[in-house]
Protein chains: 2
Amino acid sequence: MMGKLTARAIAERALEIGDAEGLDAVTIRRLASDLGVTPMALYWHFKNKEQLIIGMADHLIGGFAPKPADQRPWQEQLRDLTEGLINTLRTHPCAKHVIEQIDAVAVPNFLAVWDQALGLARTAGFSVEESCLITKYLLQSAIAIADAPVHDQAFLSGEDLAQQVRFKRLGLQSLPGESYPHLVEMAGPLVEPKDPHLYDTFGVDLVLSGIEALAARR
Amino acid sequence: MMGKLTARAIAERALEIGDAEGLDAVTIRRLASDLGVTPMALYWHFKNKEQLIIGMADHLIGGFAPKPADQRPWQEQLRDLTEGLINTLRTHPCAKHVIEQIDAVAVPNFLAVWDQALGLARTAGFSVEESCLITKYLLQSAIAIADAPVHDQAFLSGEDLAQQVRFKRLGLQSLPGESYPHLVEMAGPLVEPKDPHLYDTFGVDLVLSGIEALAARR
DNA sequence: ACCTGAACACCGTTCAAGT
DNA sequence: ACCTGAACACCGTTCAAGT
């Protein structure tokens, strides 16, 4: 009736639910009912819920296929990779939670970008263990940057969003000013940034500056 | 019989369970039975499970009380703060998941360190919005650094740990070498680092170098 | 190969009731 | 103020059975 029930279709629908209502709303039973099928039908395509979330992650990362290593300097390639990560984290609100909940080793597409990042870190002159840490650091940094207060295309309707922002700011402003002076003062910008684009470049600069500074000392 | 049932005692026991068996094992019913009490008893001290986890986070962060701002240069203070964060993340295996699952704004002790970090970023010369991003970046970076392959005092018995490490390495080494050359080659160091101490300083250097590099451009 | 039906053990939470 | 008992709606998952 509405397309075949395939592992890919299930993962895609799961991502839609997760992006729209949060990862907690992605439930085997809810997902099945959305797909017009019995909960147990999903167990044919995924061994359990953990594998389902891994499927979501794989589909997510598959979105930005890492190009094969080219001849540009590693700084540029690393920047591309970081921006790609940030971008998919931005377009998929639930990506953060998905990535946090699973083991990267189980996600094929994730292994691909991880391997590429490891290679770039090695060519930058870092040791094996340093490269290991740098790649983890890069992922977490991307999460931090992508986690900036939502600016556009939110899944909430415009009114709900505005109200939620107002609510959060009020919560910050009503804190005891003597205990949290900076939080109270910065309540506005903390919940609704003005320039998302500048926000991006600054964040990526921040991450790459650290890596390049240490690479220069090798 | 075994001490009063107080919000603090509940949060502490919850942390013990979470650190020992993972946050998923922290269940209202399980927690209550561990405390020798009815599940509903916990609802007197915490409105719901979300508030319970917030209580866990608060107790966690309360561990390293942020000293009031002193007169040292902001670089040193920021380093202290980062190392403190990494340290509590290390001593509490479930801290990562706890922090990921809740909204920082709801955790008083978290607000305190956040405010202090914001202040340090401002004195470093960063704008309001830049400081906002830097503090988030700092937290995520601390998570990345603390998440290095476990080296000591693991909650698993020594044998189980060794076997688990062997298992993980085998999983990496059995990957297709032509697709993931670096992962296969670095399988060993990826799962069991040699020098945790050097690992730490390098990680903190990485984070602070980025911040200092951008601060120098102001 | 692909899906259903019924059942099991486990959640978080509410609400009235006890002391 | 602090805790219990019973009940509700919801999970993930197994297992046998259908086509």
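Remember, predicted model here, so these are calculated numbers, not experimental data. Below, read A as the first sequence line, B as the second, and so on, with proteins coming before strands; counting in each chain starts at 1. Side-chain atoms are counted along with the backbone in the values below, which use heavy atoms only and exclude waters and symmetry mates.
- Contact of the B:Arg122 side chain with the B:Val128 side chain is registered, since non-hydrogen atoms from C-beta on lie closer than 4.5 Å.
- Here D:dC10 presents its P atom at 17 Å from CG of A:Leu31, a figure rounded to the nearest Å.
- Ion pairing between B:Lys96 and A:Glu100 fails under the 4.0 Å rule for side-chain N and carboxylate O.
- Out of D:dC2, D:dG12, C:dC3, the shortest distance to the side chain of B:Trp44 is found at D:dC2.
- Nucleotide C:dC3 holds its P atom 8 Å from the CD1 atom of A:Ile10, rounded to whole Å.
- Taking the nucleotide of DNA chain D with the nearest heavy atom to each of A:Arg30 and A:Lys47, the more 5' of the two is matched to A:Arg30.
- Here the P atom of nucleotide C:dC11 and the CZ atom of A:Arg29 are 16 Å apart, to the nearest Å.
- For the pair B:Ile17 CD1 and C:dC11 P, the interatomic distance rounds to 11 Å; values are reported in whole Å.
- A:Leu42 has its CG atom 14 Å from the C1' atom of D:dC11, to the nearest Å.
- If A:Leu5 and B:Ile28 are placed on DNA chain C by their nearest nucleotide, the residue sitting closer to the 5' end is A:Leu5.
- Looking at heavy atoms from C-beta onward, B:Gln101 lies in side-chain contact with B:Leu23 at the 4.5 angstrom threshold.
- Protein atom CG of B:Leu23 is 14 Å distant from nucleotide atom P of C:dC11, rounded to whole Å.
- Of the listed nucleotides (C:dC2, C:dG12, D:dT13), C:dG12 has the atom at the smallest distance from the side chain of B:Tyr43.
- Nucleotide C:dC10 holds its C1' atom 13 Å from the CG atom of B:Asp24, rounded to whole Å.
- Between A:His45 and C:dA1 there is no side-chain N or O to OP1 or OP2 distance below 4.0 Å.
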Between B:Arg30 and B:Asp24, does a salt bridge (Lys or Arg N to Asp or Glu O under 4.0 Å) hold up when you go through it step by step? CA-CA 11 Å; B:Arg30 157 72 190 277; B:Asp24 284 342; over 6 Å; no

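- Using Watson-Crick or G-U wobble geometry with both donor-acceptor distances under 3.5 Å, C:dA16 finds its partner in D:dT4.
- Residue A:Met40 places its side chain closer to C:dG5 than to any other of C:dT13, C:dG5, C:dC3.
- Rounded to whole Å, the distance from CZ on A:Phe46 to P on C:dC2 is 13 Å.
- Contact annotation: B:Thr27 does not reach the phosphate of C:dC10 (side-chain N/O to OP1 or OP2, under 4.0 Å).
- Annotation: A:Arg8, atom CZ; neighbour count of heavy atoms from other residues, nucleotides and ligands within 6.0 Å does not exceed 12.
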